[in-house]
Structures are given as structure tokens and as C-alpha cells.
Amino acid sequence: MSMVEMPKNYDSALEEERILAKWLDGGFYARNEGPGDCTVVIPPPNVTGMLHMGHALDDTIQDTFIRFNRMRGLSTRWILGTDHAGIATQTKVDKKLKSEGISRLEIGREKFLNACWDWTHEYGGIIVEQIKRMGCSVDFDDEKFTMDPDYARAVRKVFCDWYHDGLIYRGKRIVNWCPSCTTAISDDEAEYQDEGGHLWYLRYPLKEPVDGREYIVVATTRPETMLGDTGVAVSPEDPEKAALVGATVVLPIVNREIPIFSDWHVDAGFGTGFVKVTPAHDPNDYAMGAAHDLPQVNIFDEHAVVVEGYGEFSGMTRDECREAVVAWFEREGLLDHVEDHDHSVMHCYRCDNTLEPWLSEQWFVAVDKLKGPATDVVKNSQVTFHPERWTQTYLTWMENLKDWCISRQLWWGHRIPVFYCDACGWEDALEEDLDVCPKCGAPLRQDEDVLDTWFSSQLWTFATQGWPNNLQEMEGHHPTKALVTARDIIALWVARMVMSSLYFTDQIPFEDVVIYATILAKDGSRMSKSKGNGVDPMDLINMYGADAMRFNLLTLVTNNQDVRFDADIKDGKLLGSPRTEAARGFVTKIWNAARFVGMNLEGYEPGEPSVQTPADAWIFSRLAKLSANVTKGIEEYRFGDVARDLHQFFWSEFCDWYIELSKAALKGSAEERLAAQRNLVFVLDVALRLLHPAMPFVTEAIWEQLPTSAGQPALMMAAWPEPENLASWINEEAEKSIGLTVATVSAVRAVRARYGLSPKTEIACAVKASQADAEALLSQADLVRNLANLSVLEVGPEVARPAESAVTVEEGCEIYCDLAGMVDFAAERARLEKDRAELQKDIDKLAKKLSNPGFLAKAAQEIIDKDTAKHADLCDQLARIDAQLAELV
RNA sequence: GGGCGUUUGGCGCAGCGGGAGCGCAACUGCCUUACAAGCAGUAGGUCGUAGGUUCAAAUCCUACAACGCCCACCA
């Protein structure tokens with residue numbers, strides 16, 4: 001296809017496939033060597049499913065940033081990978097197997113892991129294809145996975161080093177246990193949900209009456225846990241109960257004798273002021289139990305079913321047990337009363353089951369030594385958050401950080417590399433497997449648990465770059481430049497990467513953390529599968545093209561923390577997205593501007609751009625400023641501003657005016673035509689380069705047709721228009737001069753529209769302007785005549801106003817359109833009077849301001865000067881309108 | 001309970017101390033050979049409420065309201 005043959009509409013599906021193949025075949029996605037480094041790691045998507053709008057936004061931002069830096073010649077590489085997402089994937093695979101009538105427990109660990117790998121390959125492949133279709137220039141030839149052998153070695157080394165350095169320890173703790181997934185999950189993975197519940201007031205008899213009291217009353221939301229009570233606590237600041245401290249309670253049902261003691265955890269004002277203490281089933285009670293040496297009685301098994309030894313209650317689930325216990329108390333007359341009580345309950349973020357605080361043996365990372373350095377690098381701005389406010393989120397989390405439970409009772413994940421000898425009690429963390437005990441020779445047993453997914457993904461910036469075996473590979477490419485991610489994993493992931501990277505590489509993992517807004521549905525609710533209101537990025541690409549989706553997404557990148565995505569969805573099907581459609585309109589606009597240039601290239605010879613007309617000087621000046629704004633904007637991650645700047649320039653300046661202005665020159669002499677061609681090609685070429693990071697496909701498709709691309713491999717590898725190379729084009733006078741042209745043409749067009757005069761009707765126009773302005777305008781008299789369809793254009797300081805004319809006052813000029821015999825002047829009079837009233841209002845306002853002594857005394861001189869000039873200008877305009885009104889009969 | 005964000009024309013959003021903007025939608029007129037997914041023009045807002053600071057407030061401060069998010073706690 002040549003530029004002359006470009007079809008009217010850009011076929012995104014056709015071009016995207018072709019261009020993508022060209023980029024991939026060209027090997028352009030591999031590392032680009034150069035001075036300065038811009039290595040970026042993709043936040044690895046979970047292999048659990050398809051990409052959603054969050055990924056689309058995330059990846060668009062990164063790709064725009066990467067393409068920009070690649071064009072600037074930096075050493076760029078965008079590292080691709082996916083995350084095994086332990087619990088999430090295991091849940092999905094479990095479900096899939098269950099639907100086939102297969103149970104995980106039946107087939108065993110090895111076969112189950114094979115099923116997980118199959119799943120990973122299938123969905124990992126889909127995700128990679130989707131990333132490709134978005135135009136993301138990641139290094140597809142070197143895809144990482146958090147369970148790759150190399151990666152696994154890195155994970156294992158980290159575990160062993162921390163184990164031997166004393167940062168990893170094992171302990172019996174209360175953890176958030178999911179009885180359905182039968183695993184511990186971290187605090188960060190637990191979700192609180194408010195639920196309506198009850199407070200049951202239970203009577204616990206005292207062994208010996210105290211001051212005549214035979215029983216005390218405790219209030220609880222979880223009566224079933226009373227089977228595990230080993231104490232009753234009161235507040236130390238509760239004088240009424242002081243006498244009871246030290247007394248003994250006989251726990252109903254189990255007849256256990258338990259003490260009453262005082263502890264600061266207790267709030268005397270809540271319930272009865274007596275708290276039943278169940279150290280094995282509540283984090284606070286655990287702490288109290290530890291402080292007061294209470295036994296820990298575990299009443300639940302891993303499925304939250306009551307264990308043996310509790311008579312009729314054994315074998316009951318939590319809920320059954322609750323009912324039975326309450327019934328028992330009621331029957332025995334020990335149920336004092338019941339109140340409604342709303343409270344929040346922890347749920348598993350995966351299966352949504354109610355979590356059970358459960359005492360079990362788990363592995364932990366001690367964070368004391370890690371949090372200090374990780375706090376410092378953010379406080380001293382080595383790591384910078386964009387927008388800046390997320391710094392606080394990070395620091396607050398870091399400050400309140402508790403030891404991290406890293407073991408999970410799952411199969412899919414990195415198995416904990418701790419080996420035990422049951423014969424002699426030997427135990428160690430090993431980087432290589434060992435079969436027999438080095439001490440006694442007995443067979444060894446490896447820990448059954450796997451590591452939390454975040455334990456492996458915390459190494460993402462360096463374990464994807466050769467660490468620890470090939471430190472050469474990382475050299476110069478770590479720290480990475482930017483991490484672009486969602487705010488909900490600042491704590492889970494970002495913070496942990498900082499901690500581990502500082503510990504193992506002595507470097508921060510990245511310099512900038514870019515937090516993008518959460519994309520919400522049109523009505524402000526979260527997009528979710530269950531609601532069926534989620535937008536599939538692939539649907540958007542199919543409907544509007546990847547460039548349109550990307551551009552639309554970039555316009556959404558502002559300081560906001562949420563954005564509503566304006567898409568209509570019905571039953572999970574995308575009906576349309578007005579803003580993406582508008583973005584596609586922009587793509588089409590770019591395509592057609594290029595098509596115009598292509599249609600006018602006959603006789604073109606390569607050559608430098610040159611200023612022939614004020615319009616040339618003006619567009620070059622605008623282009624130079626655009627380059628500066630776009631460059632700075634991308635450097636500062638202000639993608640919304642960048643998108644708006646590009647749109648404004650290309651559409652409102654280049655297309656609406658420069659192309660229109662160039663039409664006359666294209667019809668001029670051979671020299672004028674050639675100069676115009678060269679200038680059009682030049683501006684289009686630079687504009688395409690500036691647009692390319694945001695809209696890679698359409699710009700590449702056009703650019704390869706441009707004469708300036710001859711002999712060059714691809715726009716994505718072409719040089720970035722550096723602001724300093726264009727700065728000499730900046731020309732304020734030219735911008736002013738085109739301002740006059742625009743004002744004149746607009747004035748005539750407005751007059752036409754106002755009086756319903758056809759664009760085909762020629763109008764005689766006269767402009768009264770200063771000598772300098774008149775000269776500037778006259779230099780483009782032909783253009784103005786053309787654009788406004790004028791029969792005559794008269795310009796000068798002494799031009800006379802035709803008797804029956806419409807007058808526009810703008811830019812210090814008076815623009816007269818001779819309308820003799822064409823219109824009703826009563827309307828013109830009314831319009832002028834309306835203008836006059838508005839002017840008068842502005843003048844009064846300004847006059848008031850300028851007569852305010854406070855303003856004159858305190859305002860900056862330049863503001864005063866500006867307002868004074870403005871006031872004079874408005875008064876001048878008013879005088880002109882008055883004069884015109886006087887002349888209108 | 002602590003923190004954060006948002007509130008600007010019908011819709012989606014910029015602006016964040018000196019005369020209220022953009023895109024879409026609306027209305028009017030144009031099929032002007034790059035583009036009707038276009039062009040030209042018009043209309044529409046006392047910038048959530050109430051105070052305060054300032055010569056000057058959409059913009060800064062305080063309180064309040066609505067909506068949303070995060071963290072903590074809830075025997």
C-alpha cells in the first residue's frame with residue numbers, strides 16, 4: 001500500500017496483526033542497549049484467568065513509558081512474566097477437578113501439581129497473547145514464571161539465608177485459618193465483612209460464692225468457643241470486680257475450673273465487663289493467655305469441626321455447635337439474655353468462607369530488621385510514589401508491620417525447604433534436597449507446606465534478572481526504573497519487594513512507584529465477574545482497536561484514585577464505550593490527516609523543512625512546545641496531560657488549521673508546493689513519533705509509508721523528537737500572527753452562521769488593524785480569503801467600515817463583514833447590545849478591582865499591569881461597539 | 001475508631017490563589033474531493049454546604065454533608 005492508496009478508514013484489526021508481526025519479527029522487543037537504563041518488570045498477572053481493565057491500564061502505562069524511553073535510546077527492557085498465585089490457582093484447579101468428579105486428595109500431590117501446571121500453561125499462554133494484542137513491547141522471548149527452576153532456586157536461597165540469619169522462625173500462633181481451603185492465610189488476605197449477629201450473655205457459675213454472687217455473666221459473639229475457655233478476664237480499672245479477681249469459675253458443659261484475672265485488653269464498658277478467654281481461638285485471648293499462663297485448648301480440627309472429647313458436641317461444625325451450646329445453656333437456665341450485635345467477620349479472600357482464628361504451627365518472617373531500611377529509602381525519596389500521597393499508605397503499613405506468616409497448607413507453590421530427621425531431631429533449611437540425615441543417616445522428611453505467593457513475588461525485580469547465579473545480568477539494570485501497579489498491593493507486594501531487595505541486593509528494587517486509579521464500572525461500583533459488569537479489554541480492542549483503548553485509558557491517568565469507565569454492559573457483553581469510541585475517532589483523524597498528506601506528495605523530493613509562511617513558523621513553534629510538554633509529561637508519569645496535549649495539537653492545530661492553511665501552498669508554484677510538502681511531512685513525522693508511545697499501531701502503520709522513514713526499520717525504533725533539538729523553532733511572533741488569522745477567519749465564519757449565510761456566499765471583508773498586525777495578516781491574505789471564502793480582503797490601519805456591516809472586535813482589530821442587502825440589521829443591533837452589556841459587566845468588575853487600594857498595594861505588579869491593560873482593552877472595545885451602534889440606523 | 005480520595009455545565013473529567021475549561025451528548029448550518037467516525041457555529045455552570053484566611057478563593061484553612069476506598073478494632 002502506498003500513501004495514495006490509503007483507504008478512508010483505518011482497519012485496526014488488519015493493521016494491528018501486520019504491525020505486531022513486523023515488530024516481533026524485527027526483534028525490536030528485546031533489550032535495547034544504550035546510555036541510561038530503563039528496565040521495567042511487569043507486575044506478573046496471576047495465571048488464574050484473563051486480563052481485566054486494571055491490567056490493560058497498567059500495561060498501557062508501562063508500554064507508553066517503555067516505548068518513549070526506547071525511542072530516546074536508553075537501555076530498555078520490559079520483563080514479562082506471570083505469577084503462580086498459589087491459593088488462587090489451587091482453588092481454580094480444585095474446582096475444575098471437582099467438576100470432573102475428581103478430588104485432590106484422591107489423586108495425591110504429584111498428580112494435582114501436574115493439573116496445576118496444565119492450567120498454568122493454558123492460561124499463562126492466553127495472558128501472554130492478550131498482552132501482545134495490546135501492543136505491549138515486552139520481551140516475549142524471555143518469559144518468566146514464579147515457579148521456573150531458576151526462580152525457584154532464588155526463592156529457596158532467600159528462604160535458607162533468612163532461616164540461617166535468624167529472620168525465619170517457626171512458631172505456634174493464632175493464624176487466620178480457612179477451614180475450606182484448609183490453609184492459613186495472611187492478615188492481608190483476610191477480608192472483613194460486617195454481619196448482623198448476636199451477643200449471647202452466658203452465666204458461668206462460681207466455684208465458691210463471692211459476696212453472695214453465685215455466678216458471673218460473660219458476653220460473647222461466639223458461644224461455641226466456650227468449650228475452649230481457660231479463663232475469665234476483667235479490666236484492671238474496674239473496681240467493682242476487683243474482689244472477684246482470683247476467684248474460680250466452673251466452666252459449664254466441660255466442668256473445667258478456670259480462674260478470673262485482670263488484663264488491660266478488657267474494656268470494662270463492653271458487655272458485662274467479664275470476658276471469656278479462649279486462647280486457642282482468638283488472637284486477643286491468645287495474648288492474654290500467654291501473659292497469664294493459661295492452657296491453650298484447641299476444640300476444632302482443620303475443618304473447624306469440634307474434636308473428640310466434647311461428648312454430644314464432638315463432630316459438630318462451628319455453626320451446629322453454636323446452636324447446640326446456646327440450646328444447652330437455655331435448657332440449663334444459664335442463658336442470661338441475647339442481644340442483637342453487628343460485628344465484622346473475617347472471610348477468606350478466595351473462597352469467602354468465614355475464617356477461624358486457629359492455633360497452629362506456622363513459619364514466620366521476623367520483620368524487625370527489614371522494616372527500618374525499607375522505611376528509610378522511602379522517607380529519603382530513593383523510592384518515590386506517584387501520586388505522592390501513597391507514600392503515607394506505605395509508611396503507615398510499614399510502621400504497623402507484624403511478623404509475616406509465610407507458610408501455607410497448600411500444594412501449589414514453593415515447598416518450604418526445611419528437612420527434618422524424625423530419628424535424631426536434626427533440622428535444617430537446604431538449598432539442595434537431601435535424602436538422608438547428615439547426622440544419623442536416617443531418612444529425611446521435607447516440610448509439607450508451601451510458601452505464601454508473595455514470598456516468591458517479592459523477589460520479582462532481581463530474581464527475573466539472573467539473581468543469584470548470574471549477577472552480571474543484573475549489572476546496570478537494577479534497580480529497575482519504575483513499578484506501575486495498583487494501590488491494593490502497595491503493602492502486599494511493593495513493600496515486600498523493597499524489604500527483600502534491600503536485604504539481598506543492597507539496592508532498592510525500583511526508583512518510582514506509579515499507582516494508577518482503580519477502574520470502576522460506569523455507575524461507580526467495582527467491576528466484578530459476579531456482577532457481570534466487567535469490561536474485557538479484548539472486547540474493546542475488537543470493537544475499537546488497541547490504539548483507541550490505549551489512548552482512552554491514558555486520558556484517565558490523573559491524580560484520581562478511582563475512575564469510572566464509561567462502558568455499557570449487558571449480561572457481561574460490551575455494547576459500547578462512548579469515550580473509547582471518541583478515541584477511535586482520534587485514530588481515524590490521524591489516519592486521514594496522513595492520507596491527505598499522502599495524496600499530495602506528487603513531485604515530492606526529500607529535503608529539510610523550511611519556514612515559508614507564518615503558518616509554517618507557527619506550527620513548528622507549536623510542535624517544539626508539544627515535544628517539550630510530552631517529554632516532560634511522560635517523565636513525570638502525567639499521562640492524562642500528555643494525551644490531552646497530543647490531541648489538542650494534532651486535531652485543533654495541525655488538522656484544523658495547518659493542513660487547511662497548507663492547501664493554498666500546495667496549489668502554488670513548484671517551489672511553494674515542494675516546501676509545503678516537506679513541511680507537512682516533517683510535522684507529521686514528528687507528530688507520529690510523539691504519538692507513538694501512546695498509539696503504537698496506527699502511528700507505525702502510517703510512518704512506514706512516509707518518505708522520511710525510508711531505510712529505517714520501524715517507528716518504534718526511531719529517534720524521539722528531543723525538545724532541545726526543536727527549541728530553536730519556538731517563535732512567539734508567529735504564534736501571535738496566526739492568532740490574527742484564526743481570529744479573522746473565525747469572525748467571518750461566525751457572522752455567516754449568525755445570519756444563515758451559506759459558506760458559498762462570498763463576503764467582502766475589511767480589517768482595521770495596527771500597521772504591524774496588518775502586515776502579518778496581509779502576508780496570508782490568500783489563505784484568509786480561501787478559508788473564509790471572501791470576495792475582497794482589505795487590511796490596514798485606516799480601513800473604513802462599510803455602511804452595512806457586521807463588526808467583530810478581537811485581538812485588537814476590528815473585523816468588518818459587508819452585509820449590504822443580505823441581512824436584517826435589527827438582529828445585528830440586538831447582538832451588539834447584548835455584547836455591550838456583557839462587556840460593561842466585565843469592565844465594572846475590573847474597575848472595582850483596580851480602584852481597590854488593597855489590591856493596588858498588595859498584588860503583584862505584573863497582575864496589576866495585566867488587569868490595567870485588560871481594562872483599557874475592554875473600554876476600547878466598548879467604545880468601538882458604541883460607535884458601531886451609533887452608526888447602525 | 002484512624003487515614004485517604006471525590007464532589008466543577010446532561011454525562012465523563014481537567015484546572016488547584018489572579019477574568020470558569022476539555023471530550024462526549026444537545027442545538028443550528030454545511031455531504032466544502034483527508035476525514036459526516038467530518039467541518040463551521042451556538043447554547044449550557046453563583047465550581048457540594050456553611051464559615052474563615054487573603055487586595056483577590058473553584059483553587060488555601062476549618063467544620064459539615066454525600067459517595068467511595070484503605071487500615072485498625074469489635075469478648
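All chains are named by letter (A, B, ...) in the order of the sequence lines, taking the proteins before the strands, and each is independently numbered beginning at 1.
- Side-chain proximity of A:Arg389 to the nucleotides B:C35, B:G5, B:G41 is greatest for B:G5.
- Shown here are the side chain to side chain donor-acceptor pair (under 3.5 Å) partners of A:His871, two or more places apart in sequence or in another chain: there are none.
- A search for side chain to side chain donor-acceptor pair (under 3.5 Å) contacts involving A:Asp844 returns A:Gln840, not counting sequence neighbours.
- We find that CG of A:Asn629 is positioned 19 Å from P of B:A14, with the value rounded to whole Å.
- Using a 4.5 Å cut-off on side-chain heavy atoms (C-beta onward), A:Val217 and A:Leu202 make no contact.
- Of the two residues contacting RNA chain B, namely A:Ser758 and A:Asp641, the nearest-nucleotide position lying further toward the 5' end is that of A:Asp641.
- To the nearest 0.5 Å, atom CZ of residue A:Phe855 and atom CG of residue A:Asp867 are 4.5 Å apart.
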request  = Given side-chain hydrogen bond (donor to acceptor under 3.5 Å, both in side chains), test A:Asn552 with A:Tyr544 step by step and report yes or no.
outcome  = CA-CA 11 Å; A:Asn552 181 25; A:Tyr544 301 111; over 6 Å; no
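- Atom P of B:A66 sits at a distance of 35 Å from the matching atom of B:A26, rounded to the whole Å.
- B:C71 and B:A14 are spaced 24 Å apart, taking the P atom of each and rounding to whole Å.
- The stretch residues 657-665 of chain A touches RNA chain B through A:Ile659, A:Glu660, A:Lys663, each having a heavy atom within less than 4.0 Å of the strand.
- Contacts of A:Leu874 with the nucleic acid, taken as non-hydrogen atoms under 4.0 Å apart, include base atoms.
- The distance between atom CD of A:Gln861 and atom P of B:G18, rounded to the nearest whole Å, is 18 Å.
- Set against B:G38, B:A36, B:A34, the side chain of A:Ala593 has B:A34 as its closest nucleotide.
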What nitrogen or oxygen pairs link the protein and nucleotides 7-13 of chain B at under 3.5 Å?
{"unit_1": "B:G12", "atom_1": "O2'", "unit_2": "A:Arg579", "atom_2": "NH1", "d": "2.8"}
{"unit_1": "B:C13", "atom_1": "OP1", "unit_2": "A:Arg564", "atom_2": "N", "d": "2.9"}

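- A distance of about 9 Å separates the P atoms of B:U59 and B:C47, rounded to the whole Å.
- On the C1' atoms, B:A43 is 13 Å away from B:A25, given to the nearest whole Å.
- Contact of the A:Leu601 side chain with the A:Val681 side chain is registered, since non-hydrogen atoms from C-beta on lie closer than 4.5 Å.
- Using a 4.0 Å heavy-atom cutoff across all strands shown, A:Arg487 reaches sugar-phosphate atoms only and no base atom.
- A donor-acceptor pair is defined here as one N or O able to donate and one able to accept, closer than 3.5 Å; no such pair exists between the side chain of A:Asp547 and the backbone of A:Arg584.
- Here, B:U28 and B:C69 have their P atoms 42 Å apart, quoted to the whole Å.
- To the nearest angstrom, C1' of B:A56 lies 8 Å from CG of A:Asn852.
- Taking the salt bridge (Lys or Arg N to Asp or Glu O under 4.0 Å) definition, one finds that A:Lys845 meets it with nothing, sequence neighbours left out.
- Contact between the side-chain N/O atoms of A:Lys849 and the OP1/OP2 oxygens of B:A57 is not found at any separation under 4.0 Å.
- Separating the OH atom of A:Tyr10 from the P atom of B:A37 is a distance of 19 Å, rounded to the nearest angstrom.
- Looking at heavy-atom distances under 4.0 Å, A:Asp656 makes contact with sugar-phosphate atoms alone, never a base.
- The side chain of A:Phe855 lies closest to B:G18 when the candidates are B:C24, B:C39, B:G18.
- Note on ring orientation: taking the six-membered ring where Trp is involved, the planes of A:Phe654 and A:Phe649 are parallel (angle under 30°, cut-offs 30° and 60°).
- You'll find the side chain of A:Met549 stays beyond 4.5 Å of the side chain of A:Ser12, heavy atoms only.
- The aromatic rings of A:Trp591 and A:Tyr10 lie tilted to each other, with the angle between the two planes from 30° to 60°.
- Screening A:Thr272, A:Asp263, A:Ile260 against A:Val234 for a side-chain contact (heavy atoms from CB on, under 4.5 Å) leaves a single residue, A:Ile260.
- Toward the 5′ end of RNA chain B lies the nearest nucleotide of A:Ala860, the other residue of the pair A:Thr221 and A:Ala860 mapping further downstream.
- At the heavy-atom level, A:Trp651 lies under 4.0 Å from the strands shown only through sugar-phosphate atoms.
- Stretches of at least 3 consecutive Watson-Crick or G-U wobble pairs, with each checked distance under 3.5 Å, appear in RNA chain B as B:1-7 with B:65-71, B:10-13 with B:21-24, B:26-30 with B:38-42, B:48-52 with B:60-64.
- We find that CD1 of A:Ile863 is positioned 14 Å from C1' of B:U59, with the value rounded to whole Å.
- B:G9 sits 22 Å from B:A65 when the C1' atoms are compared, rounded to a whole Å.
- A straight line from CG of A:Asp645 to C1' of B:G15 spans 13 Å, rounded to a whole angstrom.
- Residue contacts shown for A:Ala859 include a base, since a base heavy atom lies under 4.0 Å away.
- Side-chain atoms of A:Lys589 lie closest to B:C39 of the nucleotides B:C39, B:G23, B:A37.
- Taking only side-chain atoms of A:Arg584, from C-beta outward, the nucleotide of B:A34, B:G23, B:A37 with the closest atom is B:A37.
- At the heavy-atom level, A:Thr220 lies under 4.0 Å from the strands shown only through sugar-phosphate atoms.
- Closest of all the heavy-atom pairs between A:Met288 and A:Ala233 is SD-CB, 4.0 Å.
- Taking every side-chain heavy atom of A:Lys760 into account, B:C31 is the closest of B:C24, B:C73, B:C31.
- Rounded to a whole Å, the CG atom of A:Leu395 is 21 Å from the P atom of B:G2.
- Going from the P atom of B:A36 to that of B:C70 covers 46 Å, rounded to whole Å.
- Note: A:Tyr201 and A:His337 have parallel aromatic rings, judged against thresholds of 30 and 60 degrees for the angle between ring planes.
- Nucleotides B:C27 and B:G10 place their C1' atoms 13 Å apart, quoted to the nearest Å.
- Here B:G38 presents its P atom at 14 Å from CZ of A:Arg595, a figure rounded to the nearest Å.
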